[in-house]
Amino acid sequence: MKLIQVLSRLLLGALMIASGLNKLLPKPFMQIPDFGGDAGDFMRLLSKSGYLDVVGGLEVAGGLFLVTGFFVPLGLVLVGPVVVNIVLFHVLLDRAKLDPIWIGTGVLFALALGTHSGAFAPLFKPIGSSKG
């Protein structure tokens, strides 16, 4: 079980770093698919606005935290919204195919989050219930 925990964190981190660098480098090393319809319009707007640069920075920063093992909960906080948006983009706008990359990203995030769920437990306590 420990192996699955470490592998999910490392794979998610590496995937986030690669995806983020692909957005930030002047010449991408992975071709971003040309989505048609609403999905394509949405991606063009995100790209033109500079929004994807911010997303790329969050992916790289969060991925580095996950890969190095330092501040893993912070890394999960940084990449969590990105992963949620990746999954929602494909579920809502790109329904044509079930791509193992975005499904795998969601599964890796869920495994890594489950491993470090204790770090987020205080978020679910009512205000004033902590002793100290």
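- Aromatic rings from F35 and F42 are positioned such that their centres are separated by 6.0 Å or more.
- Within the 4.5 Å cutoff, side-chain heavy atoms of V77 are placed close to those of F120.
- Considering only heavy atoms from C-beta on, L15 stays 4.5 Å or farther from L11 through its side chain.
- A donor-acceptor contact shorter than 3.5 Å links the side chain of T105 to the backbone of I101.
- At least one side-chain heavy atom of V87 sits less than 4.5 Å from a side-chain heavy atom of W102.
- When the shell of 6.0 Å around CZ of F71 is examined, it contains 12 or fewer heavy atoms from other residues, nucleotides or ligands.
- L45 and L88 fall into different hydrophobic clusters, defined by Ile, Leu, Val, Met, Phe, Trp and Tyr side-chain heavy atoms under 4.5 Å apart, directly or through other members.
- With rounding to the nearest 0.5 Å, the separation of CG in L7 from CG in L3 is 4.5 Å.
- Between M16 atom CE and L76 atom CG the span is 11.0 Å, to the nearest 0.5 Å.
- Exactly one residue among L66, V67, L12 makes a side chain to side chain contact (heavy atoms under 4.5 Å, CB included) with I17. That residue is V67.
- The only member of L46, V54, L52, L58 that meets side chain to side chain contact (heavy atoms under 4.5 Å, CB included) when paired with K23 is L52.
- Side chain of S47 to main chain of M43: no donor-acceptor pair is present (N/O by atom type, distance under 3.5 Å, no hydrogens or angles).
- Between E59 and the choices V82, L78, L21, the side chain to side chain contact (heavy atoms under 4.5 Å, CB included) rule is met once, by V82.
- Side-chain atoms of N22 never come within 3.5 Å of backbone atoms of A18 as a donor-acceptor pair (strictly under, hydrogens ignored).
- For R9 (side chain) and A112 (main-chain N/O), no donor-acceptor pair under 3.5 Å exists by modelled atom type.
- With hydrogens and angles disregarded, a donor-acceptor distance shorter than 3.5 Å links the side chain of S117 to the backbone of G114.
- When the shell of 6.0 Å around CG of D41 is examined, it contains more than 12 heavy atoms from other residues, nucleotides or ligands.
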